[in-house]
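First up is the structure itself, then whatever we jot down about it.
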Amino acid sequence: MSDIITKTISFVQQTLENAEGGHDWFHIERVWKNAKLISTKEACDLELVELAALLHDIADSKFHGGDEEIGPKTAAAWLRSQNYPQERADRITSIIRAISFKGGKNEHKDHSIEFKVVQDADRLDAIGAIGIARTFNYGGFKNRPLYNPEIPANLNLSKEEYKNNPGPTINHFYEKLLLLKDLMNTATGRRIAQERHEFMETFLSQFFQEWNGEK
Ligand code: ADP
Ligand code: NI
């Protein structure tokens, strides 16, 4: 493994030591692995993909008072401290800026293949069994109800509403998780997303049957 990758792994592990369970080092490790897998079928710069995957949640605005620049800034400062070439560092911070879902309202765009690979890798970790676990963990972290039949999901949330949504955790499936399979960029991402999507549908169907005492 190249020196910059090894050092970045240690930096991320240390920085995320006390992170919420769905945004901790193991989330980063899974995204990094997904990204490497997707990369095998795409013509892309693997080092940029790996560094962007490793640094993509280094400082998530959700956990930093909504500051959306803190992530890209922290990543840029780290790469600068390692004398990493500026032009390549800029490509990495552009990926980090553009990656977050924000209810589909992120105004930053990046059209590089490296971005597409890392975004798919991050999205895969938001769905399937792991996605379900992460979502309820985040809901618990925010002290939200699991479900409330009187509070419907809202598919037209503004970016601000999406970020501050106090709704029940089940709504997040309809506001984000179930939308992701149709937003995948790569063939590999789409294939894996399809299977994970079906697993979430099975989960939701069982959840509602149990909720209603039907099973
Ligand atoms: P965003 O959706 O703002 O881009 P992330 O991509 O960091 O944020 O979200 C990662 C994961 O955090 C989601 O897939 C989900 O598991 C959890 N999460 C984020 N927002 C919520 C929410 N409002 N309710 C439940 N889980 C959430
Ligand atoms: Ni992430």
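Counting convention: from 1, in listed order, for ligands and their atoms alike.
For the pair Asp122 and ligand 1, the shortest N or O to N or O distance does not fall below 3.5 Å. Ligand 1 has no nitrogen or oxygen under 3.5 angstrom from a nitrogen or oxygen of Asn165. Between Asp57 and ligand 1, a contact under 3.5 Å exists for no N or O pair. At a 3.5 angstrom cut-off on N or O pairs, Tyr138 does not count as close to ligand 1.
Residue contacts with ligand 1, taken as heavy atom pairs separated by less than 4.0 Å, involve His172 solely via side-chain atoms from C-beta onward. The proximity of Lys163 to ligand 1, defined as any non-hydrogen pair under 4.0 Å, does not occur for either the backbone or the side chain. Looking at Lys142 against ligand 1, nothing comes within 4.0 Å, counting heavy atoms. If you look at Asn137 next to ligand 1, there are no close heavy atoms at all, none under 4.0 Å. If you look at Glu175 next to ligand 1, there are no close heavy atoms at all, none under 4.0 Å.
Vertex the Ni ion (ligand 2), arms ending at NE2 of His27 and NE2 of His56: the angle is 100° after rounding to 10 degrees. The OD2 atom of Asp57 and the OD1 atom of Asp122 meet at the Ni ion (ligand 2) at an angle of about 170°, given to 10°.
A donor-acceptor contact under 3.5 angstrom links the side chains of Gln194 and Glu198, judged on distance only. Side chain to side chain, His27 and Asp122 meet the donor-acceptor criterion of an N or O pair below 3.5 Å. A donor-acceptor contact under 3.5 angstrom links the side chains of Asp110 and Ser94, judged on distance only. Inspection of the Thr186 and Asp120 side chains reveals an N or O donor paired with an N or O acceptor under 3.5 Å. A donor-acceptor contact closer than 3.5 angstrom is absent between the side chains of Glu161 and Asn154.
Heavy-atom proximity to atom 8 (O) of ligand 1, evaluated over Lys62, Arg134, Glu20, is greatest for Lys62.
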- Task: Verify salt bridge (Lys or Arg N to Asp or Glu O under 4.0 Å) between Lys105 and Glu160, making sure each step is shown before the conclusion.
- Result: CA-CA 9 Å; Lys105 304 268 174 12; Glu160 283 317 305; over 6 Å; no
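Going from atom OG1 of Thr202 over to atom CZ of Phe207 covers 15.0 Å, rounded to the nearest 0.5 Å.
At a threshold of 4.0 Å, the pair Arg88-Asp45 counts as salt-bridged, since one of the basic side-chain nitrogens sits closer than that to a carboxylate oxygen.
Using a non-hydrogen distance threshold of 4.0 Å, Phe136 does not register as a contact of ligand 1.
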